[in-house]
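Values reported hereafter were calculated over all heavy atoms of this structure, with side chains retained and with hydrogens, waters and symmetry mates removed.
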Amino acid sequence: MTDIARSRPAMTALWYGFSVGPVAWAVHIVGSAALVQYSCNDHRWRWTLHALTVGTAVPTAIGLAICLGIARRVPDPEDAGSPGGRTDFLAKVGALTAAISLALILLEGSYVLFLHRCG
């Protein structure tokens with residue numbers, strides 16, 4: 001088996017980890033904006049905001065774990081002019097992006113715990 005064939009699953013996982021954070025954050029912020037009026041009108045809808053937070057935080061945390069795992073396994077430093085260096089760089093940037101996205105999702109989801117009345 002060639003190196004390219006062996007690296008395809010790892011690259012697919014890397015790109016998942018690299019891109020899932022911003023996509024999940026966008027889904028969370030748009031979904032929260034769409035559901036907040038239902039939550040204000042009927043408190044039985046509040047669970048949907050919590051479910052949206054969990055449903056977007058979990059894939060983002062998985063993407064973060066994937067990127068961190070790949071960054072630990074790659075032997076080349078990120079400044080090496082090799083495919084391993086590129087992979088290391090993408091894994092570290094993906095981990096940072098996923099961590100920031102996860103923090104934003106959890107921060108935006110936490111306001112639901114503190115809102116008791118809508119204005």
Side-chain angles (χ1 to χ4, degrees):
M1 189 183 303
T2 66
D3 288 337
I4 293 172
R6 269 189 300 236
S7 69
R8 284 209 176 128
M11 289 305 291
T12 302
L14 175 64
W15 281 106
Y16 169 81
F18 188 82
S19 62
V20 71
V23 171
W25 173 71
V27 167
H28 184 263
I29 198 165
V30 171
S32 293
L35 294 173
V36 73
Q37 190 61 42
Y38 292 114
S39 175
C40 285
N41 292 338
D42 187 358
H43 291 291
R44 292 177 291 181
W45 278 83
R46 187 168 288 188
W47 69 269
T48 58
L49 295 173
H50 295 301
L52 183 63
T53 298
V54 170
T56 54
V58 168
T60 304
I62 292 170
L64 175 62
I66 288 170
C67 285
L68 289 175
I70 290 172
R72 287 187 192 122
R73 285 193 307 265
V74 174
D76 296 340
E78 65 184 49
D79 59 349
S82 65
R86 177 200 61 217
T87 301
D88 186 50
F89 175 75
L90 287 175
K92 288 177 181 174
V93 171
L96 179 64
T97 304
I100 291 170
S101 298
L102 183 60
L104 288 170
I105 289 168
L106 294 176
L107 182 65
E108 291 165 0
S110 68
Y111 77 88
V112 178
L113 300 172
F114 302 107
L115 291 179
H116 299 291
R117 293 187 321 168
C118 297

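Residues satisfying the side chain to side chain donor-acceptor pair (under 3.5 Å) test with Arg44, not counting sequence neighbours, are Asp42. The side chain to side chain contact (heavy atoms under 4.5 Å, CB included) search around Ala61 returns Leu102, not counting sequence neighbours.
The nearest pair of heavy atoms linking Trp45 to Tyr38 is CB-O, 3.7 Å. The two atoms that bring Ala91 and Cys67 nearest to each other are O-CB, 3.4 Å, heavy atoms only.
Between atom OG of residue Ser39 and atom CH2 of residue Trp47 there is a gap of 11.5 Å, rounded to the nearest 0.5 Å. Atom CD of Gln37 and atom CG of Leu35 lie 11.0 Å apart (nearest 0.5 Å). Rounding to the nearest 0.5 angstrom, the gap separating the CD1 atom in Ile70 from the CG atom in Leu14 is 4.5 Å. Here the OG1-NZ distance, from Thr87 to Lys92, works out to 12.0 Å after rounding to the nearest 0.5 Å.
Note on residues 51-62: pairs passing side-chain hydrogen bond (donor to acceptor under 3.5 Å, both in side chains), not counting sequence neighbours, are His28-Thr53.
Under a hydrophobic clustering in which Ile, Leu, Val, Met, Phe, Trp and Tyr are joined whenever their side-chain heavy atoms come within less than 4.5 Å, directly or via other members, Met11 and Ile66 fall into the same cluster.
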Show the atom names and distances, to 0.1 Å, of all donor-acceptor pairs under 3.5 Å that link a side chain in residues 15-22 to residues at least two apart or in another chain.
residue: Tyr16; atom: OH; partner: Pro59; partner atom: O; Å: 3.4
residue: Ser19; atom: OG; partner: Trp15; partner atom: O; Å: 2.7

Does the pair Phe89 and Val74 meet the rule for a side-chain contact (heavy atoms from CB on, under 4.5 Å), with working shown? CA-CA 10 Å; Phe89 175 75; Val74 174; over 6 Å; no
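Between Leu52 and Thr48, every side-chain heavy-atom pair lies at or beyond the 4.5 Å cut-off.
Counting Ile, Leu, Val, Met, Phe, Trp and Tyr side chains that sit under 4.5 Å apart, directly or through other members, Ile29 shares a hydrophobic cluster with Trp25, Val30, Leu96, Ile100, Leu104, Ile105.
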